[in-house]
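Here the structure comes first, spelled out in C-alpha coordinates, and everything after it is commentary.
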Amino acid sequence: QRSDHSHKAQMLVDEADQALLCAKQTGRNRVVCFSAIRNPSRADYGSVGQGSVFSGVTARDVMSPVVFCLHEEDTISQAAELLLRLRTNAVCVVDADGKVAGMLSEKDILAAMVSPGCRQQPVRDVMKTHVITYDEDAPVESIHQFLCRVSIRRVVIVSDGRPIGTVSRGTLVRWFHNLAVAFEPSAGTLNPASTPAPAEEES
(Lines give C-alpha, C1' and ligand atoms only; values in the text may rest on other atoms or scores of the structure.)
Protein backbone atom coordinates (compact mmCIF):
# COMPACT_ATOMS: atom_id res chain seq x y z
CA GLN A 1 0.00 0.00 0.00
CA ARG A 2 1.37 3.38 -0.99
CA SER A 3 2.25 5.77 1.83
CA ASP A 4 3.02 9.47 1.90
CA HIS A 5 6.72 8.58 1.73
CA SER A 6 6.45 6.31 -1.31
CA HIS A 7 5.53 8.96 -3.87
CA LYS A 8 7.63 7.17 -6.49
CA ALA A 9 7.15 3.63 -7.76
CA GLN A 10 10.76 2.68 -6.98
CA MET A 11 10.34 3.85 -3.37
CA LEU A 12 7.21 1.71 -2.99
CA VAL A 13 9.05 -1.36 -4.31
CA ASP A 14 12.01 -0.62 -2.02
CA GLU A 15 9.75 -0.36 1.04
CA ALA A 16 8.01 -3.62 0.17
CA ASP A 17 11.39 -5.32 -0.31
CA GLN A 18 12.63 -4.16 3.10
CA ALA A 19 9.44 -5.35 4.83
CA LEU A 20 9.58 -8.73 3.05
CA LEU A 21 13.20 -9.28 4.02
CA CYS A 22 12.46 -8.38 7.63
CA ALA A 23 9.50 -10.79 7.68
CA LYS A 24 11.66 -13.64 6.35
CA GLN A 25 14.37 -13.03 8.95
CA THR A 26 11.99 -12.91 11.94
CA GLY A 27 10.33 -16.30 11.50
CA ARG A 28 7.66 -18.19 9.62
CA ASN A 29 4.10 -16.99 8.94
CA ARG A 30 4.97 -13.37 9.59
CA VAL A 31 3.49 -10.18 8.20
CA VAL A 32 5.67 -7.08 8.55
CA CYS A 33 4.55 -3.59 7.56
CA PHE A 34 7.15 -1.09 6.48
CA SER A 35 5.62 1.39 8.93
CA ALA A 36 6.86 -0.87 11.75
CA ILE A 37 10.37 -0.78 10.29
CA ARG A 38 10.23 2.97 9.79
CA ASN A 39 9.29 3.43 13.46
CA PRO A 40 11.58 1.00 15.30
CA SER A 41 10.35 2.19 18.70
CA ARG A 42 6.97 0.66 17.90
CA ALA A 43 8.38 -2.67 16.79
CA ASP A 44 9.51 -5.50 19.00
CA TYR A 45 13.01 -6.44 17.90
CA GLY A 46 13.80 -8.28 21.09
CA SER A 47 15.51 -7.28 24.30
CA VAL A 48 19.08 -7.38 25.46
CA GLY A 49 19.85 -10.71 27.07
CA GLN A 50 22.00 -11.31 30.11
CA GLY A 51 25.66 -11.39 29.16
CA SER A 52 25.03 -9.86 25.74
CA VAL A 53 28.03 -8.07 24.23
CA PHE A 54 25.73 -5.06 23.82
CA SER A 55 24.40 -5.12 27.41
CA GLY A 56 24.06 -1.54 28.67
CA VAL A 57 25.40 -0.04 25.42
CA THR A 58 23.37 2.76 23.81
CA ALA A 59 23.43 4.31 20.36
CA ARG A 60 25.28 7.32 21.76
CA ASP A 61 28.15 5.03 22.85
CA VAL A 62 28.92 3.64 19.40
CA MET A 63 27.60 6.14 16.84
CA SER A 64 29.76 8.02 14.37
CA PRO A 65 29.03 11.74 14.93
CA VAL A 66 27.40 13.62 12.07
CA VAL A 67 29.95 16.16 10.82
CA PHE A 68 28.06 17.68 7.90
CA CYS A 69 24.49 17.52 6.62
CA LEU A 70 22.93 18.60 3.36
CA HIS A 71 19.96 20.95 3.29
CA GLU A 72 17.03 19.76 1.17
CA GLU A 73 17.43 22.87 -1.00
CA ASP A 74 21.09 22.11 -1.81
CA THR A 75 21.81 21.03 -5.36
CA ILE A 76 22.92 17.62 -6.56
CA SER A 77 26.20 19.18 -7.63
CA GLN A 78 26.82 20.41 -4.08
CA ALA A 79 25.85 16.99 -2.74
CA ALA A 80 28.34 15.21 -5.01
CA GLU A 81 31.09 17.57 -3.87
CA LEU A 82 30.28 16.91 -0.20
CA LEU A 83 30.25 13.12 -0.60
CA LEU A 84 33.64 13.25 -2.31
CA ARG A 85 35.10 15.58 0.31
CA LEU A 86 33.84 13.44 3.23
CA ARG A 87 34.77 10.18 1.44
CA THR A 88 31.42 8.68 2.34
CA ASN A 89 28.67 7.07 0.28
CA ALA A 90 25.68 8.70 1.98
CA VAL A 91 24.81 11.80 3.97
CA CYS A 92 21.84 13.08 5.99
CA VAL A 93 19.54 15.73 4.57
CA VAL A 94 17.80 18.17 6.93
CA ASP A 95 14.91 20.59 6.58
CA ALA A 96 14.73 24.27 7.54
CA ASP A 97 14.40 23.32 11.23
CA GLY A 98 17.48 21.11 11.14
CA LYS A 99 15.45 17.91 11.48
CA VAL A 100 15.96 14.77 9.41
CA ALA A 101 14.23 15.09 6.04
CA GLY A 102 15.96 12.29 4.15
CA MET A 103 19.15 10.52 3.17
CA LEU A 104 21.10 10.99 -0.04
CA SER A 105 23.46 8.31 -1.31
CA GLU A 106 25.81 7.83 -4.23
CA LYS A 107 23.16 5.57 -5.77
CA ASP A 108 20.63 8.41 -5.72
CA ILE A 109 23.10 10.72 -7.47
CA LEU A 110 23.93 8.05 -10.05
CA ALA A 111 20.22 7.66 -10.86
CA ALA A 112 19.84 11.42 -11.26
CA MET A 113 22.85 11.82 -13.57
CA VAL A 114 20.89 10.87 -16.68
CA SER A 115 18.42 13.76 -16.29
CA PRO A 116 19.22 16.99 -18.17
CA GLY A 117 20.10 19.84 -15.83
CA CYS A 118 20.41 17.50 -12.87
CA ARG A 119 23.39 19.40 -11.46
CA GLN A 120 21.15 22.23 -10.25
CA GLN A 121 18.29 19.97 -9.18
CA PRO A 122 17.56 20.14 -5.41
CA VAL A 123 18.43 17.02 -3.44
CA ARG A 124 14.88 16.82 -2.05
CA ASP A 125 13.79 15.57 -5.49
CA VAL A 126 16.05 12.51 -5.42
CA MET A 127 16.76 11.78 -1.74
CA LYS A 128 15.28 8.83 0.13
CA THR A 129 12.68 10.14 2.58
CA HIS A 130 12.09 6.89 4.50
CA VAL A 131 15.00 7.25 6.91
CA ILE A 132 15.21 4.88 9.86
CA THR A 133 16.00 6.83 13.02
CA TYR A 134 16.77 5.83 16.59
CA ASP A 135 16.95 7.96 19.69
CA GLU A 136 20.42 8.46 21.18
CA ASP A 137 19.42 6.38 24.22
CA ALA A 138 18.20 3.43 22.15
CA PRO A 139 19.90 0.10 23.02
CA VAL A 140 22.46 -0.93 20.42
CA GLU A 141 21.08 -4.48 20.59
CA SER A 142 17.91 -3.27 18.82
CA ILE A 143 19.92 -1.52 16.12
CA HIS A 144 22.13 -4.60 15.65
CA GLN A 145 19.11 -6.87 15.24
CA PHE A 146 17.52 -4.45 12.78
CA LEU A 147 20.63 -4.14 10.60
CA CYS A 148 20.97 -7.93 10.58
CA ARG A 149 17.44 -8.30 9.19
CA VAL A 150 17.30 -5.72 6.42
CA SER A 151 19.45 -4.58 3.51
CA ILE A 152 19.61 -1.02 4.89
CA ARG A 153 23.25 -0.36 5.78
CA ARG A 154 22.88 2.42 8.36
CA VAL A 155 20.45 4.17 10.67
CA VAL A 156 20.45 7.79 11.84
CA ILE A 157 20.68 8.66 15.52
CA VAL A 158 18.62 11.69 16.49
CA SER A 159 18.03 14.03 19.40
CA ASP A 160 14.74 15.93 19.20
CA GLY A 161 14.50 14.92 15.56
CA ARG A 162 17.89 16.38 14.67
CA PRO A 163 20.66 14.07 13.39
CA ILE A 164 23.60 13.72 15.75
CA GLY A 165 25.17 10.52 14.47
CA THR A 166 24.86 7.35 12.43
CA VAL A 167 25.27 3.66 13.20
CA SER A 168 26.17 1.45 10.27
CA ARG A 169 27.22 -2.15 9.90
CA GLY A 170 30.80 -0.91 9.72
CA THR A 171 30.30 1.08 12.93
CA LEU A 172 29.29 -2.06 14.81
CA VAL A 173 32.14 -4.13 13.34
CA ARG A 174 34.65 -1.45 14.35
CA TRP A 175 33.15 -1.20 17.86
CA PHE A 176 33.31 -4.99 18.23
CA HIS A 177 36.93 -5.06 17.05
CA ASN A 178 37.94 -2.31 19.49
CA LEU A 179 36.19 -4.15 22.31
CA ALA A 180 38.03 -7.38 21.48
CA VAL A 181 41.40 -5.58 21.38
CA ALA A 182 40.69 -3.85 24.71
CA PHE A 183 40.05 -7.14 26.52
CA GLU A 184 42.39 -9.36 24.49
CA PRO A 185 45.10 -7.34 22.72
CA SER A 186 46.28 -10.32 20.69
CA ALA A 187 42.82 -10.51 19.08
CA GLY A 188 43.66 -7.46 17.00
CA THR A 189 46.91 -8.89 15.64
CA LEU A 190 46.99 -10.82 12.37
CA ASN A 191 49.25 -13.83 12.02
CA PRO A 192 51.46 -13.09 8.97
CA ALA A 193 51.48 -16.76 8.07
CA SER A 194 47.69 -16.82 7.83
CA THR A 195 47.37 -13.52 6.01
CA PRO A 196 46.64 -13.99 2.30
CA ALA A 197 49.09 -12.45 -0.13
CA PRO A 198 47.80 -9.39 -1.96
CA ALA A 199 46.27 -10.12 -5.34
CA GLU A 200 48.26 -9.09 -8.36
CA GLU A 201 46.97 -6.01 -10.15
CA GLU A 202 45.46 -6.58 -13.54
CA SER A 203 46.95 -4.62 -16.37
Joint hydrophobic cluster, Leu83 plus Val94, side-chain heavy atoms closer than 4.5 Å: no
Asp160: partners by side-chain hydrogen bond (donor to acceptor under 3.5 Å, both in side chains), with sequence neighbours left out: none
Working for side-chain contact (heavy atoms from CB on, under 4.5 Å), residues Thr75 and Val123: CA-CA 6 Å; Thr75 65; Val123 297; over 6 Å; no
Donor-acceptor side-chain pairing of Arg154 and Ser168 below 3.5 angstrom: no
Nearest heavy-atom neighbours spanning Thr171 and Val62: CG2-O, 3.0 Å
Check against side-chain contact (heavy atoms from CB on, under 4.5 Å), Phe176 and Phe54: CA-CA 9 Å; Phe176 177 77; Phe54 297 115; over 6 Å; no
Exercise: identify the closest heavy-atom pair between Cys69 and Pro163: SG-CG, 3.8 Å
Val158 and Tyr134, any side-chain heavy atoms less than 4.5 Å apart: no
Any Ile152 side-chain heavy atom under 4.5 Å of Ile132 side chain: yes
Heavy-atom pair with the smallest gap, counting every atom of Met103 and Ala90: SD-CB, 4.2 Å
Val100 side chain near Val156 side chain, heavy-atom distance below 4.5 Å: yes
Transitive ILVMFWY side-chain link Ile109 to Leu84, under 4.5 Å: no
Taking every non-hydrogen atom, the tightest pair across Met127 and Asp108: CA-OD2, 4.5 Å
Which atom of Phe68 lies closest to which atom of Val91, heavy atoms considered: O-CG2, 3.5 Å
Donor-acceptor pair, side chain of Ser159 and main chain of Arg162, under 3.5 angstrom: no
Counterpart residues, side-chain hydrogen bond (donor to acceptor under 3.5 Å, both in side chains), relative to Ser115 (two or more places apart): none
Thr166 vs Val155, side-chain contact (heavy atoms from CB on, under 4.5 Å): CA-CA, chis, key distance, verdict: CA-CA 6 Å; Thr166 61; Val155 298; over 6 Å; no
With Glu73 via side-chain hydrogen bond (donor to acceptor under 3.5 Å, both in side chains) - residues at least two apart: Arg124
Working for side-chain contact (heavy atoms from CB on, under 4.5 Å), residues Val140 and Asp61: CA-CA 9 Å; Val140 170; Asp61 299 326; 5.7 Å; no
Under 3.5 Å donor-acceptor, Asp135 side chain and Asp137 backbone: yes
Under 3.5 Å donor-acceptor, Asp74 side chain and His71 backbone: yes
Hydrophobic cluster identity match, Leu179 and Val173, side-chain contacts under 4.5 Å: no
Same apolar cluster: Met113 and Val126, side chain cutoff 4.5 Å: yes
Closest non-hydrogen atom pair, Cys118 against Ala112: CB-O, 3.2 Å
Co-membership, hydrophobic cluster, residues Val66 and Val167, 4.5 Å side-chain: no
